[in-house]
K.L.:
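Before I ask anything, let me first share the structure, which is written out below as structure tokens.
The figures here come from the full heavy-atom set of this structure, side chains too, leaving out hydrogens, waters and symmetry mates.
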Amino acid sequence: MIKVIVAGGFGKLGSSIVEALEKRPDIMLVGILSQTKRVTEVPVFTTLEQIDVSADVWLDVSVPEAAIENAKFALTHQMHVVVGTSGVDYDVWQQALADLVTVHERAVLIVPNFSLSAVLLMQFAKQAAQYYADVEIMEIHDVNKKDAPSGTAKATAQMIADVQKLTYQTKPVQTSVAREKILREFRCMLCAYQDMLPKKQ
């Protein structure tokens with residue numbers, strides 16, 4: 001039985017992960033770390049200091065500002081760490097956690113995106129990078145998205161750059177009038193498609 005603590009377990013992604021974990025017979029959810037207290041069957045902690053249960057895995061989908069300290073806590077308490085938090089800077093994490101990983105003999109897995117389609121997209125982009133000299137990544141976000149470019153876009157860019165032995169640019173570039181027109185039309189198509197979808201009751 002694998003014991004898991006989820007940080008950010010009441011967020012959009014966290015709630016889905018908690019629901020999925022609770023259905024697994026080989027996994028036991030032993031705690032949730034959240035800024036807000038809720039009544040659940042699983043213990044809920046609002047600070048690291050409150051955590052009084054042991055676990056094998058710390059799964060973090062909280063916020064970038066808290067995730068590194070969360071990971072340090074998990075490693076020093078003999079937990080492996082899985083990070084799905086948006087906006088992770090891989091170089092910063094490497095510098096902050098490398099020694100702890102070695103000392104405590106635990107692993108840290110940073111997952112830019114849990115979606116199978118996104119993982120496949122990144123792998124396809126990596127393969128395609130061998131055959132195209134110029135590559136551009138375009139993504140359209142919800143207006144409330146906290147990190148842009150997204151962790152998925154950064155990870156994809158890094159994979160392409162590794163293949164082409166280049167450095168990638170993460171700053172937004174000035175788009176042409178023609179491209180802006182295409183993007184506006186694409187957004188309209190997305191809106192029209194979303195309107196066609198059945199509404200959740």
K.L.:
Which pair of heavy atoms, one from Val53 and one from Val30, lies closest together, and at what distance?
P.N.:
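Distance-wise, the nearest heavy atoms are CG2-O, 3.7 Å.
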K.L.:
Verify, without hydrogens or angle tests, whether Gln164 (side chain) and Tyr132 (backbone) share a donor-acceptor contact under 3.5 angstrom.
P.N.:
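Flag set: sc Gln164 to bb Tyr132 pair under 3.5 Å.
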K.L.:
Side chains of Val83 and Val81: closer than 4.5 Å at any heavy-atom pair?
P.N.:
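Heavy-atom side-chain distance check passes, below 4.5 Å.
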K.L.:
Any idea which heavy atoms bring Ser62 and Asn70 closest together, and the distance?
P.N.:
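Minimum heavy-atom contact is OG-ND2, 3.5 Å.
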K.L.:
Would you indicate whether the side-chain heavy atoms of Leu75 and Trp58 approach each other to under 4.5 Å?
P.N.:
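The answer is no, as the side chains (C-beta and beyond) never meet within the 4.5 Å cut-off.
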K.L.:
Is there a side-chain contact (heavy atoms from CB on, under 4.5 Å) between Thr76 and His104? Walk through the geometry before answering.
P.N.:
CA-CA 7 Å; Thr76 55; His104 296 284; 3.7 Å; yes
K.L.:
For residues Val57 and Val111: do they belong to one hydrophobic cluster (side chain heavy atoms under 4.5 Å, members Ile, Leu, Val, Met, Phe, Trp, Tyr)?
P.N.:
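They do share one cluster, since a chain of ILVMFWY contacts under 4.5 Å joins Val57 to Val111.
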K.L.:
Testing Met122, Lys126, Gln123 one by one against Thr156 for a side chain to side chain contact (heavy atoms under 4.5 Å, CB included), which residue passes?
P.N.:
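Of the listed options, the one satisfying the test is Met122.
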K.L.:
If every non-hydrogen atom of Met1 is compared with every non-hydrogen atom of Asp56, which pair is closest and at what distance?
P.N.:
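That closest heavy-atom pairing would be O-OD2, 3.7 Å.
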K.L.:
Can you find a pair of side-chain heavy atoms, one from Met79 and one from Phe73, that are under 4.5 Å apart?
P.N.:
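Met79 reaches Phe73 side chain to side chain.
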K.L.:
Is there a path of hydrophobic side-chain contacts, each under 4.5 Å between heavy atoms, that joins Leu97 and Ile110?
P.N.:
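Yes, same cluster.
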K.L.:
Could you tell me whether a side-chain N or O of Lys37 sits under 3.5 Å from a main-chain N or O of Val44, the two making a donor and an acceptor?
P.N.:
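Here the side-chain-to-backbone pair exists.
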K.L.:
Would you name the heavy atoms of Ala55 and Ile5 that are closest together and state the gap between them?
P.N.:
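Smallest heavy-atom distance, with atoms named: CB-CG1, 3.7 Å.
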K.L.:
Look at the side-chain heavy atoms of Ile, Leu, Val, Met, Phe, Trp and Tyr, link any pair under 4.5 Å apart, and say whether Leu59 and Val108 land in one connected group.
P.N.:
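No, because Leu59 and Val108 fall into different hydrophobic clusters, even though each may have its own neighbours under 4.5 Å.
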K.L.:
Please determine whether side-chain contact (heavy atoms from CB on, under 4.5 Å) holds for the pair Met159 and Val163, giving the CA-CA distance in whole Å, both sets of side-chain angles, and the decisive distance to 0.1 Å.
P.N.:
CA-CA 6 Å; Met159 292 171 76; Val163 170; 6.0 Å; no
K.L.:
So for atom CD, which belongs to Gln130, do other residues, nucleotides or ligands contribute more than 12 heavy atoms lying within a distance under 6.0 Å?
P.N.:
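Enclosed.
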K.L.:
Nearest heavy-atom pair of Leu13 and Gly84: which atoms, and what distance?
P.N.:
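Reported closest heavy-atom pair: CD2-O, 4.2 Å.
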K.L.:
Do Arg38 and Thr36 have side chains that approach each other closer than 4.5 Å (heavy atoms only, starting at C-beta)?
P.N.:
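Contact flag for Arg38/Thr36 side chains = yes.
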K.L.:
Indicate whether the side chain of Thr46 and that of Gln50 have a donor and an acceptor atom separated by less than 3.5 Å.
P.N.:
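The criterion, which ignores hydrogens and geometry beyond distance, is satisfied for Gln50 and Thr46.
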K.L.:
Test your reading of the model: is there a side-chain donor-acceptor pair from Asn113 to the backbone of Thr152, 3.5 Å cut-off?
P.N.:
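Such a contact is absent between Asn113 side chain and Thr152 backbone.
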K.L.:
Can a donor-acceptor pair be found, under 3.5 Å and without considering hydrogens, that links the side chain of Arg106 to the backbone of Gln78?
P.N.:
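Between the backbone of Gln78 and the side chain of Arg106 there is a qualifying donor-acceptor contact (under 3.5 Å).
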K.L.:
Minimum heavy-atom separation for Ala96 to Ile68, with atom names?
P.N.:
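Heavy atoms only, the tightest pair is CB-CG2, 4.1 Å.
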K.L.:
Is there a side-chain contact between Met28 and Ile2, using heavy atoms and a 4.5 Å cut-off?
P.N.:
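The answer is no; the side chains never approach within 4.5 Å.
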K.L.:
Working to the nearest 0.5 angstrom, can you tell me the gap between Leu29 CG and Glu19 CD?
P.N.:
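With rounding to 0.5 Å, CG (Leu29) is 12.0 Å from CD (Glu19).
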K.L.:
Would Val61 end up clustered with Val82 when hydrophobic side chains under 4.5 Å apart are linked, directly or stepwise?
P.N.:
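Yes; tracing contacts between hydrophobic side chains, which count when under 4.5 Å, links both residues.
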K.L.:
Does the side chain of Val119 reach to within under 4.5 Å of the side chain of Phe114, using non-hydrogen atoms?
P.N.:
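Val119 vs Phe114: side chains apart.
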K.L.:
Atom CZ in Phe10, atom CG in Leu33: separation rounded to 0.5 Å?
P.N.:
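Reported to 0.5 Å precision, the distance equals 10.0 Å.
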K.L.:
Donor-acceptor pair, Ser34 side chain versus Gly9 backbone, under 3.5 Å?
P.N.:
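Such a contact is absent between Ser34 side chain and Gly9 backbone.
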K.L.:
Once rounded to the nearest 0.5 Å, what's the spacing between atom CG of Leu121 and atom CG of Leu116?
P.N.:
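With rounding to 0.5 Å, CG (Leu121) is 11.0 Å from CG (Leu116).
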K.L.:
The criterion is salt bridge (charged side-chain N to carboxylate O under 4.0 Å, His left out); which residues satisfy it with Asp26, sequence neighbours excluded?
P.N.:
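With neighbours one apart ignored, the set is Arg24.
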K.L.:
Enter the distance from Glu69:CD to Leu48:CG here, rounded to the nearest 0.5 Å.
P.N.:
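The CD atom of Glu69 sits 8.0 Å away from the CG atom of Leu48.
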